[in-house]
Amino acid sequence: MKEKLTKLREEALGFIEKAETFDEIEKLRVNLLGKKGDLTVILKGMGKLSNEERPVIGKLGNEVREAITEKINEKKISIQEKMQEEKIKSETIDITMPGKSFEIGKKHIISKMIDEVTEIFMGMGFSIADGPEIETVENNFDSLNAPKDHPSRDMSDTFYITEDILLRTQTSPVQIRTMKEAVNNNDLPLKIIVPGRCFRSDSPDATHSPMFHQIEVLVVGKDITFTEFKGTMERFVQKLFGPDTKTKFRPHNFPFTEPSAEIDVTCFKCGGKGCPVCKGEGWIEILGAGMVHPNVLRNCGIDPNEYSGFAAGMGVERLGMLKYGIDDIRLMFENDIRFLDQF
Ligand code: DAH
């Protein structure tokens with residue numbers, strides 16, 4: 001038995017040494033030390049031994065078991081280390097490989113125009129106000145002094161949700177919201193701009209889109225006169241189109257302003273000589289504006305004898321189309337990267 005045990009130890013250690021995976025090691029452990037394993041089978045013969053031999057063989061058996069167990073543990077550690085090493089090797093980064101290139105997006109032309117206009121007004125001390133795209137008829141028309149028969153109220157021009165709720169057709173209702181809030185919070189005077197989406201029931205064509213963007217301007221305070229209005233708008237226009245740009249305030253009619261004006265600027269392309277951009281006119285219309293109508297102030301709880309103000313509204317897409325010579329508004333919403341990438 002002694003020889004059998006010694007031989008088993010020798011062979012077992014050899015096999016374990018050659019093993020390369022955890023699976024192989026586990027198989028060897030079961031075959032050598034398991035219930036039906038070689039060692040167990042040999043030691044089963046101990047019953048036949050003499051009393052003198054039994055403890056000697058027992059001791060040897062334990063030694064063999066320990067030697068095999070130890071070898072198995074050592075081997076496991078070395079397999080583990082080897083696997084780790086191989087993993088690290090396979091994961092090393094080849095810094096000479098070319099990097100993955102991915103395209104970086106950029107701001108949409110509409111966002112860029114809004115940023116540009118916002119920055120100019122913020123430089124003049126304006127802050128940004130916001131309002132919902134789903135509005136009340138009251139804020140969108142009534143409080144803005146729009147007569148009951150104003151054509152813009154027509155079902156065919158406006159997306160009504162109910163009789164009293166609609167998709168705002170302009171950013172002007174935010175004037176009402178902001179003025180009412182300012183009155184509530186005792187927060188007058190105010191100087192705000194409102195960039196936002198508007199909706200009108202127009203079929204898309206080169207110059208119309210049922211969804212478009214406006215930027216509203218509103219100043220309300222004491223002693224705000226036409227001079228402040230003209231000066232602010234002129235400064236804005238010169239910042240946007242260049243310091244030599246001239247403005248023309250052409251009389252117009254809006255329900256919420258009195259007097260009202262459309263503001264034309266000298267063509268930034270030809271400087272006023274006449275070219276295809278200004279259709280030979282030398283002037284380009286860029287926005288609607290005026291002094292806030294006393295009724296509008298009253299509708300918001302502001303005393304027109306104490307306060308006055310001016311307001312303006314401009315179409316963002318129109319500004320972008322003028323600035324970049326784009327001849328079809330639909331291009332802005334088709335999301336063709338080849339188009340968007342140019343700005
Ligand atoms: N809301 C007008 C429109 O959509 C634009 C406008 C004109 C806004 C004059 C104003 C303004 O605040 O004073 O056509």
Side-chain angles (χ1 to χ4, degrees), residues 113-114 117-118 121 126 128-133 135-147 150-154 157-159 166-180 182 190-202 207-221 224-226 228-234 236-237 247-265 284-297 299-300 302 304 307-319 329:
M113 288 311 302
I114 290 176
V117 171
T118 303
F121 278 101
F126 283 69
I128 299 171
D130 201 6
E133 290 167 6
E135 255 299 0
T136 58
V137 170
E138 193 183 335
N139 284 340
N140 195 83
F141 291 127
D142 298 333
S143 298
L144 283 166
N145 201 37
H150 197 275
S152 62
R153 290 188 184 244
D154 204 283
D157 290 319
T158 299
F159 291 116
L166 42 67
L167 295 184
R168 68 177 179 196
T169 60
Q170 48 190 357
T171 42
S172 307
V174 186
Q175 287 192 28
I176 303 298
R177 290 178 174 273
T178 315
M179 280 191 271
K180 282 188 171 168
L190 56 85
K191 274 168 88 174
I192 54 151
I193 61 161
V194 185
R197 269 198 288 194
C198 304
F199 306 85
R200 286 182 200 177
S201 182
D202 286 324
T207 52
H208 293 87
S209 161
M211 188 280 294
F212 59 97
H213 298 72
Q214 283 189 343
I215 300 175
E216 192 81 10
V217 181
L218 176 68
V219 173
V220 176
I224 303 291
T225 67
F226 208 90
E228 277 77 33
F229 171 40
K230 261 197 103 174
T232 307
M233 297 321 288
E234 272 172 6
F236 161 64
V237 160
T247 48
K248 186 162 74 178
F249 286 60
R250 199 164 26 76
H252 200 76
N253 175 48
F254 295 108
F256 31 85
T257 43
E258 182 57 36
S260 303
E262 276 192 327
I263 300 182
D264 297 347
V265 299
I284 297 172
E285 181 230 311
I286 58 153
L287 53 85
M291 300 303 290
V292 180
H293 197 294
N295 285 349
V296 174
L297 293 174
N299 290 341
C300 299
I302 298 173
Y307 284 94
S308 54
F310 64 85
M314 62 197 95
V316 178
E317 286 80 359
R318 185 175 154 74
L319 283 183
I329 192 173

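The model shown is predicted, which means the values in this text are computed figures rather than measured ones. We count ligands from 1, going down the list as the structure has it; atoms in each ligand are counted the same way.
Asp142 meets the salt bridge (charged side-chain N to carboxylate O under 4.0 Å, His left out) test with Lys148, Arg153; sequence neighbours excluded.
Using a 30° and 60° split on the angle between ring planes, Phe226 and Phe229 fall in the perpendicular class, above 60°.
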Quick one: do Leu287 and Phe236 satisfy side-chain contact (heavy atoms from CB on, under 4.5 Å)? Show the steps, please. CA-CA 12 Å; Leu287 53 85; Phe236 161 64; 4.0 Å; yes
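Contacts of ligand 1 (protein heavy-atom distance under 4.0 Å) are Gln170, Ser172, Gln175, Arg200, Gln214, Glu216, Phe254, Phe256, Thr257, Gly288, Ala289, Gly290, Ala311, Ala312, Gly313.
Looking at Glu135 and Leu166, their side chains come closer than 4.5 Å, going by heavy atoms from C-beta outward.
In summary, the side chains of Gln170 and Gln214 do not present any donor paired with an acceptor at a separation below 3.5 Å, with no hydrogens or angles considered.
In this structure, Glu317 contributes its side chain and His213 its backbone to a donor-acceptor pair below 3.5 Å.
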